[in-house]
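FYI, the numbering just counts along the sequence from 1.
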Amino acid sequence: MRNKLAAGNWKMNGTSASLAEIDTLITSHPTPKCGVLICPPATLVGAMAARTKGSAIATGGQDCHADTSGAHTGDISADMLVDAGASHVIVGHSERRQDHHESDADINAKAKTATAAGLIAVICCGESDDQRVAGKTLDIIGAQLAGSIPETATAENTVVAYEPIWAIGTGKVPTLEQIGEVHDFIRGALIKRFGTEIGDNISVLYGGSVKPSNADDIFAVNNVDGALVGGASLKAVDFTGIITALENS
Ligand code: PGA
């Protein structure tokens, strides 16, 4: 039985005042029938973890370094996230692949360090608009998965998120057929590489312009086990709609 997960990625948004949104989430979903995760900016991880303690809402980081410590100004380690109360960390988001030139090998190393520290790694993949138009989507996703997911991945320590770059923050959503095609492909690749017991049980999230209004349809697609949500995770009123859709899927 795969875990369903509604994950919010606040990106570079939010100050301590934003934590009030979390109180609303806890009140509206005291015992959710799916996993709920919020990944705030690093400055809020500790405060959010303290605020959600004893609730069903998990806290995650948005990135970590591949090294466990050392001379890396501005970076944070997986152990620091654990120490701050995080249970998850996103690695390989397309914005990091783009802004920080992260390669599949970098992401693989980060995921390995994160899981060794006890975090669940949410490993992202996704094609650009040009790559989709050129008919290369499945090749790109296959290569990203092969390069970014470490050998040490298990269903307990790894979640995969498929996020087409052209759908992130744009309001453009792939058709349900397009989402289904990629999710079935990812499932097949995971089973082929890790065997059925692991490959069939790693949760695969869809991300890119998920909203309360399209969540029901997206969650009905085969092999979609939840969502990684940017914009619509910032306000509790939107995110609760997505959580409810996942609970009912
Ligand atoms: P979006 O972002 O929901 O704002 O499109 C998704 C993501 O980048 O995780």
Side-chain angles (χ1 to χ4, degrees), residues 3-70 72-93 95-96 107 109-124 150 152-161 202-203 205 207 226-230 232-236 238-240 242-243 246:
N3 294 322
K4 293 182 188 178
L5 179 64
N9 172 13
W10 281 13
K11 308 191 180 186
M12 199 172 72
N13 298 292
T15 59
S16 47
S18 319
L19 295 174
E21 297 298 325
I22 298 305
D23 299 335
T24 313
L25 274 189
I26 295 171
T27 314
S28 63
H29 281 92
T31 52
K33 294 199 287 289
C34 61
V36 178
L37 166 69
I38 298 284
C39 301
T43 48
L44 292 180
V45 167
M48 189 170 292
R51 195 100 156 207
T52 54
K53 205 170 179 184
S55 83
I57 296 175
T59 303
Q62 296 176 10
D63 177 54
C64 67
H65 200 280
D67 290 349
T68 50
S69 65
H72 301 291
T73 302
D75 280 313
I76 55 171
S77 73
D79 285 335
M80 290 171 188
L81 287 173
V82 172
D83 182 54
S87 54
H88 294 65
V89 63
I90 299 169
V91 290
H93 191 282
E95 288 152 13
R96 298 234 23 124
I107 293 153
K110 287 174 183 226
K112 213 181 217 164
T113 306
T115 53
L119 294 169
I120 296 171
V122 181
I123 303 176
C124 303
T152 48
T154 66
E156 288 73 38
N157 70 19
T158 301
V159 171
V160 170
I202 291 177
S203 299
L205 314 182
L228 181 55
V229 183
S233 71
L234 294 172
K235 291 281 168 232
D238 295 326
F239 200 49
T240 52
I242 293 169
I243 296 168
L246 187 58

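Atom OG1 of Thr31 is separated from atom CD1 of Ile26 by 12.5 Å, given to the nearest 0.5 angstrom. Here the straight-line distance linking atom CG of Asp75 with atom CE of Met80 works out to 9.0 Å at 0.5 Å rounding. Remark: Glu156 CD to Asn3 CG distance equals 8.5 Å, nearest 0.5 Å. Atom CG of residue Leu81 and atom CG of residue Leu119 lie 6.0 Å apart, to the nearest 0.5 angstrom. To the nearest 0.5 Å, the span separating OG1 on Thr154 from CD1 on Ile120 amounts to 8.5 Å. In this structure, Lys110 NZ and Thr115 OG1 are separated by 14.0 Å, a value rounded to the nearest 0.5 Å.
Put simply, the side chain of Cys64 does not reach to within 4.5 Å of the side chain of Thr113, judged on heavy atoms. Here the side chains of Cys124 and Ile90 are in contact, with some heavy-atom distance below 4.5 Å. In this structure, the side chains of Pro150 and Ile123 come closer than 4.5 Å at one or more pairs of heavy atoms. Between Cys34 and Ile243 the shortest side-chain heavy-atom distance falls below 4.5 Å. For the pair Arg51/Asp23, a side-chain contact is recorded, criterion being any heavy-atom separation below 4.5 Å from C-beta on. Counting heavy atoms from C-beta on, the side chains of Met48 and Ile22 come closer than 4.5 Å.
Heavy atoms only, all atoms of each residue included: Ala42 and Ile76 are closest at CB-CD1, 3.9 Å. Residues Ala114 and Ala78 come closest through the heavy atom pair CA-CB, 3.8 Å. In this structure, Asp67 and Ser77 approach most closely via the heavy-atom pair O-CB, 4.1 Å. In plain terms, the two heavy atoms of Ile242 and Ala232 that are nearest each other are CD1-CB, 3.8 Å. Of all non-hydrogen atoms in Leu205 and Ala7, the two that sit nearest each other are CD1-CB, 4.2 Å. Summarising the geometry of Pro41 relative to Trp10, their closest heavy-atom pair is CD-CB, 4.0 Å, with the distance given to 0.1 Å.
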CA sep, side-chain torsions, deciding dist, call: His29, Thr240, side chain to side chain contact (heavy atoms under 4.5 Å, CB included): CA-CA 8 Å; His29 281 92; Thr240 52; 3.7 Å; yes
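Within a 6.0 Å sphere centred on NZ of Lys112, heavy atoms belonging to other residues, nucleotides or ligands number 12 at most.
Of the candidates Thr59, Ile38, Leu25, Thr52 forms a side chain to side chain contact (heavy atoms under 4.5 Å, CB included) with just one, namely Thr59.
In terms of modelled atom types and a separation under 3.5 Å, the side chain of Gln62 and the main chain of Pro40 share a donor-acceptor contact.
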